[in-house]
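Structure, as structure tokens:
A, B, ... follow the sequence lines: proteins, then strands. Residue 1 opens every chain.
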Amino acid sequence: MQNMRILQLHCDYIEFTPIKKEIKSAEEIDPQSKHLDEVVVAFVAVEDGDNSEVGKKAMNEIAESMKKVGCNKLLLYPYAHLSSKLASPSTALAIIKEMESRSDGLEVHRAPFGWTKSYKLQVKGHPLAENSKTISVGEEKESTSEALKAESKIQSFWHIMTPDGNMHDIDKFNFAKYENLEVLAKYEAAKKRSVDEPPPHVKLMKKLAIADYEPASDAGNMRFFPNGRLIKSLIERYVTEKVVEYGGFEVETPIMYDSHHPSMESYFNRFPARQYNVNSEGKQLFLRFAACFGQFLMAKDFHMSYKNLPLRLYELTRYSFRREQSGELVGLRRLRAFTMPDCHAMCKDMEQAKEEFRKRFDLSRQVIKGLGLDESDFEMAIRFTEEFYNENKSLIEELVKKIGKPVLVEMWKERFFYFVLKWEFNYVDNLGKASALSTDQIDVENGKRYNIEFTDEMNKPQNPIILHNSPSGAVERVIYVLLEKAAKDQREGRKPGLPLWLAPTQVRVIPVKPEFLNYSEKLVENISQHDVRVDLDDRNESVGKSIRDAETEWIRYIIVIGEKEVSATKLSIRDRKSGNVKELTVDELINEIKEETKDKPFLKMNMNRYVSKRPQIMV
RNA sequence: GCCUCGAUAGCUCAGCCUGGUAGAGCGAACGCCUCGUAAGCGUUAGGCCGCGGGAUCGAAUCCCGCUCGAGGCUCCA
């Protein structure tokens, strides 16, 4: 983004004298001193990329503020030092001259361009006397949706609900056995936090060559190395398989939408997210911040009967974009571009919606469990309107009972969002930060807004109730949770690791000497035939060194091949989980791995099988 | 967006306070060693000390500005 920079000073007087030409292309002038009284001095730096549009805007803003201070005399003073990415002198001079000519009823003077000048000025003491501006065109001031502005006005009531269905005051609830829930409750309700160190997963994501920041992109847009891409792919496949099993139909929709499309405009103002804007051929497009629009627009064009419902549409959005505030982005926890599995179910009425809602609750619990988290790893929050609660107490109590521990409740006096009920599973990390994983909502508004219709039993058109579910939450956030969990293990003296089905390398073979390479290669080939990710440390390093490297990569099984193994059927296998070396045949090892990774997707190794052929990504 | 802190070799960092030849470990290349469950040894290459200004005989070091990053705040439908 280019920005003209202006420092504006309201002065009693200024006096300047051109001394010598600073650049070859300096203006030819008579180096006379000049004195002006009661003047606004605007030091101007024209940046690379600025154009006359910017100049025009700058003059408007200067004139505006001069009106406020009641001054009519302006001195444009070319001042390169305000910027480090200056426009070329000829462009800058042209733009400044243009500004000079656009007098707008002001008395405009200009200091010579390209000269070293000495100057003396006296700035007035009032508050508006000094100000600086950065002028740019193209991007208007931050455009935020109405929803974002209105959000702070919602009135919420916070409680804890125990599995017996009773509501408790947060202040009076005994959190002794529910430390993480307390963190969540304080986090959400009291907004109290105390953290001053980086979350441990940031180091781990780099060390394990999973992901890293990409400075050439925008903040919050990560790059994923082969290991990270593999882990993401596996999680994506797993979640997609589970949703398809449940009855979801996978679709794909565009990642950008026209902000002025009629059905978009109103939704836009109901969804409090900051978005990326893209201007193209006069259209104002924005990047999707959820899969909702795509699926709703699609469903609108379906011809549906009540017999077709519930209809479940599913999309794995790579990516959804939310332009979160820069200070809010952290490692893989909160990103501006993220992969979100998003499943909507159109339901014919509230009865069907509630039934479907239960199914998806179970689906989400199953998915979270499959990803390697158990119920003690997350805290549930459930949110609803007072009216919905009064009419559907049993549904809400049923969900809480299933979780089997107290949950955080937020109740709204009136419906503000498009949904009447929402729950989410929150992970509380090492630093006491809570972030949402799975979630589901009952939406009573968008069926109508998007004009999605089905024909009911009476042959009347109706708008469906729509459920919004992400069974896992953002894929990147799942990785964040797995790494934070591993960091916790490490901190508490256990060996950190990833679930075996997600490990980039599951088995590493280390020959004691190069003479065993041949045998090792055959072994690797054999194991790999059975869909196990196995690699070979063919570097000519000491065994100790190779083992150490494998350990720091969190590789679960290490097989050392030497004299003994070449002539025996059993292998010496170091199992990271127990830390012991055990003797197994190849088949026994493969069976053990198959057993632990059953029902999980498999992908082939995403790096060269030979360790010596790999670039070093992170130390 | 606001506040605080930071930016030195591919990576992690020291040096900065008190200005005077740019440092270490890891990694890489090359050689030696041929090794049994967490680091074998040596040599070499590798730097606009983020960018722009300033004061100074002299700046990685002091001052100002900028950019980018991290954390906190706000925010998280």
[atom1] atom, [N] versus [M]: distance in rounded Å?
N	M	atom1	value
B:G19	B:G58	P	15 Å
B:G71	B:C35	P	48 Å
B:C16	B:U37	C1'	44 Å
B:A60	B:A7	P	15 Å
B:U12	B:A28	C1'	16 Å
B:G25	B:C63	P	31 Å
B:U4	B:C17	P	23 Å
B:U8	B:U61	P	13 Å

Tell me whether the centres of the aromatic rings in A:Tyr314 and A:His344 are closer together than 6.0 Å. no
So, for A:Trp412 and A:Phe384, is the gap between ring centers shorter than 6.0 Å? no
Whole angstrom value for the distance that separates [atom2] of [N] from [atom1] of [X]:
X	N	atom1	atom2	value
A:Arg539	B:A29	CZ	P	11 Å
A:Glu410	B:C76	CD	C1'	12 Å
A:Glu324	B:A70	CD	P	14 Å
A:Phe416	B:C76	CZ	P	10 Å
A:Leu329	B:C68	CG	C1'	14 Å
A:Lys206	B:G10	NZ	P	16 Å
A:Asp429	B:C76	CG	C1'	14 Å
A:Asn426	B:C75	CG	C1'	15 Å

Under a 3.5 Å distance rule, please check whether A:His201 uses its side chain to pair with a backbone N or O of A:Leu332 as donor and acceptor.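 Yes; judged by distance alone, with no hydrogens or angles, the pair exists.
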Treating primed atoms plus P, OP1 and OP2 as sugar-phosphate and everything else as base, which nucleotides of nucleotides 34-40 of chain B get B, S or - for protein heavy atoms under 4.0 Å? BBBBBBS
Under 4.0 Å between a side-chain N/O of [X] and OP1 or OP2 of [N], yes or no?
X	N	result
A:Tyr213	B:C68	no
A:Lys203	B:C11	no
A:Lys433	B:C73	yes

Check against ring-ring contact (aromatic ring centres under 6.0 Å, His included), A:Phe293 and A:Tyr257: CA-CA 9 Å; A:Phe293 341 109; A:Tyr257 295 87; 5.2 Å; yes
Nucleotide opposite [N] in a Watson-Crick or G-U pair, distances under 3.5 Å:
N	value
B:C17	none
B:U56	none
B:A39	none
B:U12	B:A24
B:C75	none
B:C33	none
B:C66	B:G50

So what does A:Val330 touch, heavy atoms closer than 4.0 Å: a base, only the sugar-phosphate, or nothing?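 It contacts sugar-phosphate atoms only.
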Every protein N/O within reach of nucleotides 41-47 of chain B N/O, cut-off under 3.5 Å:
none

Using distance alone, with no hydrogens and no angle criterion, decide if A:Tyr610 and A:Asp537 have a side-chain donor and acceptor under 3.5 Å apart. no
Is there a donor-acceptor contact under 3.5 Å linking the side chains of A:Ser546 and A:Glu541?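 Per modelled atom types, A:Ser546 and A:Glu541 side chains form no pair under 3.5 Å.
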Smallest separation among heavy atoms of A:Ser320 and A:Thr317, with atom names: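 The pair with the smallest heavy-atom distance is OG-OG1, 2.8 Å.
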If you assign A:Lys422 and A:Asp218 each to the RNA chain B nucleotide with the nearest heavy atom, which residue ends up on the more 5' nucleotide? A:Asp218
Let me see the working for A:Tyr119 and A:Phe43 under ring-ring contact (aromatic ring centres under 6.0 Å, His included), right down to the final yes or no. CA-CA 12 Å; A:Tyr119 64 91; A:Phe43 292 98; 5.7 Å; yes
Evaluate the criterion ring-ring contact (aromatic ring centres under 6.0 Å, His included) for residue pair A:His261 and A:Phe286; output intermediate values, then yes/no. CA-CA 11 Å; A:His261 187 278; A:Phe286 69 94; over 10 Å; no
Which is it for A:Tyr418 and A:Gln441 under the side-chain hydrogen bond (donor to acceptor under 3.5 Å, both in side chains) test, yes or no, and what are the steps along the way? CA-CA 9 Å; A:Tyr418 52 77; A:Gln441 308 164 351; 3.0 Å; yes
I want to check something: taking the side chain as every heavy atom from C-beta on, are A:Ser438 and A:Pro471 in contact at a cut-off of under 4.5 Å? no
Apply side-chain hydrogen bond (donor to acceptor under 3.5 Å, both in side chains) to residues A:Tyr427 and A:Glu379 and explain how you reach the verdict. CA-CA 6 Å; A:Tyr427 176 77; A:Glu379 299 300 331; over 6 Å; no
